[in-house]
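Written out below as structure tokens is the structure these notes cover.
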Amino acid sequence: MQEILEAIEGGASGDDIAALAIPESYRAAHVLRAEQEMWEGVPSSDKDPRKSLHIGQVPTPELAPDEVYVAVMASAINFNTVWTSIFEPLPTFGFLDRLGSESVWGARHAQDFHVVGSDASGVILEAGSAVRSWKPGDRVTVHCNYVDDQDPSSHDDSMLAANQRIWGFESNYGGLADLAIVKANQLMPKPAHLTWEEAAVNGLCASTSYRMLVGRHAARMKQGDNVFIWGATGGIGAYATQLVLNGGGTPVGVVSSGDRARLLNAMGCEHVVDRKTEGYRFWTDENTQDEGEWRRLGKTVRSLIGDDPDIVFEHPGRQTMGASVFIAKRGGTIVTCAATSGFMIEYDNRHLWMKLKRIVSSHFANYQEAWDMNRLIDRGAIQPVMSAVYPLEQVGEAARVVHRNEAEGKLAVLCLAPEAGRGVTDTEKRERVGEDRITLFQRHARGEL
Ligand SMILES: NC(=O)c1ccc[n+]([C@@H]2O[C@H](COP(=O)([O-])OP(=O)(O)OC[C@H]3O[C@@H](n4cnc5c(N)ncnc54)[C@H](OP(=O)(O)O)[C@@H]3O)[C@@H](O)[C@H]2O)c1
């Protein structure tokens with residue numbers, strides 16, 4: 001891998017990179033099938049990803065004709081890294097076994113280790129014989145929609161494909177490693193003005209928020225829409241906030257501290273609800289919600305923007321869905337992609353049907369949506385929300401920080417990149433977009449705002 005790194009950093013040509021030998025094994029963050037029962041009886045909050053995420057060598061799989069080997073310079077922690085490491089709601093080995101039973105190439109994935117990670121930036125080392133648009137030496141980012149394009153169900157909207165998977169979560173050989181295997185239809189050009197780690201953090205979260213809000217399959221935000229965003233400085237929330245601002249809407253962002261409120265203001269989001277300081281308790285006990293608290297939140301939103309939200313950007317799930325359905329405008333949309341605090345949702349259906357609201361589900365993004373989002377980042381319209389960078393050896397610690405809701409935005413992980421700050425090839429564009437805008441989350445994390 002050292003030779004590969006030197007070639008990349010030395011600006012080797014595509015032909016030179018293509019001539020490099022692919023190592024027989026590589027360093028990767030992974031969980032083990034033998035440990036999938038390790039958390040039995042342990043409450044979710046006490047499950048420590050540092051104990052279940054291992055760093056070690058795994059054998060390099062053979063390359064399928066429609067795939068490329070990517071030398072991964074940087075990757076990122078996603079909440080699915082947390083889910084995999086705490087084996088919730090299910091151990092991911094079941095996903096790998098199912099993929100393994102589908103085809104000869106799928107069989108490579110059914111292993112006793114699972115290499116995790118659903119984001120990456122890096123350089124293509126080798127392209128399979130069926131790859132047409134990409135070649136060795138290309139600098140890329142990777143989106144995580146993993147689809148078999150020989151299935152007809154994948155050809156209207158690939159997120160509707162019967163075999164749709166999330167790479168590095170429902171497939172093996174993900175991005176938190178020095179090497180990854182990636183389908184050609186997951187590749188996107190790396191924005192030249194970003195470092196490896198800034199480019200690596202966007203794929204999963206930014207594309208998810210794009211489909212939820214902007215793409216034609218979910219909430220279909222219009223210019224001028226008021227959008228209520230839970231976790232507005234979190235992974236998907238911080239991209240949602242930017243998309244609303246960029247699309248001429250008004251975001252109302254929810255956070256859980258004054259510090260996060262300041263970060264939201266610095267992003268240009270004027271209207272903030274600090275759910276902790278304001279003491280919202282939507283549930284009086286495990287089984288009972290407090291409609292008075294929904295009304296209090298609704299009043300707060302009206303006092304901030306003079307109206308109800310056209311769209312509620314929902315993902316905390318059980319804790320907040322009752323409130324989300326209540327506060328949405330008559331005819332408004334609640335768009336959901338997750339349920340961090342619990343999957344069994346309860347809301348008062350009268351508030352939904354009597355006011356003609358709709359709940360729309362969304363899940364990651366198709367290639368076009370991911371590509372369009374990558375283009376917005378490439379144009380400097382949307383910024384990476386990277387707050388900190390970890391070396392691959394500390395991937396467990398980084399996942400723990402996300403699990404404990406202690407980080408804003410995204411945490412990047414350096415894989416082959418020996419240090420942060422490398423990979424920018426267009427400094428003029430970086431200046432044009434603005435160092436301050438690109439590094440807002442990092443500067444906030446360092447206490448510089
Ligand atoms: N379906 C998909 O394709 C997809 C894609 C990406 C993510 N997801 C899922 O979406 C969820 C969020 O992901 P993320 O990357 O944004 O995570 P994240 O970076 O941890 O951010 C989530 C934010 O939600 C807020 N939050 C957490 N628990 C809450 C609660 N009980 N009530 C209100 N707010 C709460 C927190 O903000 P404050 O504490 O500041 O309020 C937190 O910062 C995860 O469950 C993830 O698995 C799904």
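Just so you know, ligand 1 is whichever comes first in the structure, and atom 1 is the first atom listed for that ligand. Note that the numbering runs from 1 along the sequence shown for the chain.
Each of the atoms 32 (N), 33 (C) of ligand 1 lies under 4.0 Å from some heavy atom of Thr320. Of all atoms in ligand 1, numbered sequentially from 1 with element shown, those under 4.0 Å from a heavy atom of Trp83 are 45 (O), 47 (O). Close approach to Gly235 involves these atoms of ligand 1, each under 4.0 Å from a residue heavy atom: 14 (P), 15 (O), 16 (O), 18 (P), 19 (O), 21 (O). Using a 4.0 Å cut-off to heavy atoms of Arg260, the atoms of ligand 1 that qualify are 37 (O), 38 (P), 39 (O), 40 (O), 43 (O). Set against the non-hydrogen atoms of Gly231, the atoms of ligand 1 under 4.0 Å away are 23 (C), 24 (O), 25 (C), 37 (O).
When the heavy-atom distances from atom 28 (N) of ligand 1 to Gln319, His315, Arg275 are ranked, the shortest goes to Arg275. Considering Ala206, Ala240, Ala238, Ser256 only, the shortest heavy-atom separation from atom 39 (O) of ligand 1 involves Ser256. The closest non-hydrogen atom to atom 14 (P) of ligand 1, taken over Asn80, Val385, Ile236, comes from Ile236. Ranked by closest heavy atom to atom 8 (N) of ligand 1, the top entry among Cys337, Gly342, Ser362 is Cys337. In this structure, of Ile229, Val255, Leu204, Leu263, the residue bringing a heavy atom nearest to atom 6 (C) of ligand 1 is Leu204. Comparing Asp274, Asn405, Val402 against atom 42 (C) of ligand 1, the shortest heavy-atom distance belongs to Asn405. For atom 44 (C) of ligand 1, the choice among Leu411, Val273, Thr340 with the nearest heavy atom turns out to be Thr340.
Under 4.0 Å from ligand 1, not a single heavy atom of Asn78 appears. Contacts of Ala338 with ligand 1, taken as heavy-atom pairs under 4.0 Å, involve the side chain alone. When non-hydrogen atoms are compared, ligand 1 lies under 4.0 Å from the side chain of Cys205 (C-beta onward) but not from its backbone. Contact annotation for Ile166 and ligand 1: no heavy atom of the residue comes within less than 4.0 Å of the ligand.
Side chains of Tyr239 and Asn202: a donor on one and an acceptor on the other come within 3.5 Å.
One finds no salt bridge joining Asp274 and Lys276 here, because no Lys/Arg side-chain nitrogen approaches an Asp/Glu carboxylate oxygen to under 4.0 Å. We find that Lys329 and Asp308 are not joined by a salt bridge, their nearest charged nitrogen and carboxylate oxygen being 4.0 Å or further apart. Between Arg302 and Asp307, no side-chain nitrogen of the basic residue sits less than 4.0 Å from a carboxylate oxygen of the acidic one, so the salt-bridge criterion is not met. Ion pairing between Arg98 and Glu170 fails under the 4.0 Å rule for side-chain N and carboxylate O. Here Glu419 pairs with Arg422 in a salt bridge; the nearest charged N to carboxylate O distance falls below 4.0 Å. Ion pairing of Glu369 with Arg211 is present here, as a side-chain N (NZ or NE/NH1/NH2) and a carboxylate O approach within less than 4.0 Å. A salt bridge links Glu408 and Arg260; the closest N-O separation between the charged side-chain nitrogens and carboxylate oxygens is under 4.0 Å. Under a 4.0 Å N-O distance rule, the pair Arg165/Glu102 qualifies as a salt bridge. Classification of Glu67 and Arg108 as a salt-bridged pair holds, one side-chain N sitting under 4.0 Å from a carboxylate O. The existence of a salt bridge linking Asp225 and Lys222 is confirmed by a sub-4.0 Å separation between a basic side-chain nitrogen and an acidic carboxylate oxygen.
Ligand 1 has no N or O atom lying under 3.5 Å from any N or O atom of Ser341, backbone or side chain. Polar contact check, Gly234 against ligand 1: no nitrogen or oxygen pair lies under 3.5 Å apart. For Phe364, a nitrogen or oxygen atom sits less than 3.5 Å from a nitrogen or oxygen atom of ligand 1, counting backbone and side chain alike. Ligand 1 has no N or O atom lying under 3.5 Å from any N or O atom of Lys410, backbone or side chain. Looking at His363 next to ligand 1, an N or O pair under 3.5 Å apart turns up. Any N or O atom pair closer than 3.5 Å counts here, and Gly237 shares no such pair with ligand 1.
The protein heavy-atom contact nearest to atom 46 (C) of ligand 1 is Phe79 CB, 3.4 Å. Closest to atom 4 (C) of ligand 1, if we only count protein heavy atoms, is Thr208 CG2, 3.8 Å.
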Full working for side chain to side chain contact (heavy atoms under 4.5 Å, CB included) between Ile334 and Val360: CA-CA 6 Å; Ile334 300 98; Val360 177; over 6 Å; no
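By the 4.5 Å heavy-atom criterion applied to side chains, Leu297 and Phe228 are counted as neighbours.
The side chain to side chain contact (heavy atoms under 4.5 Å, CB included) test with Phe441 is passed by exactly one of Glu198, Met386, Met267: Met267.
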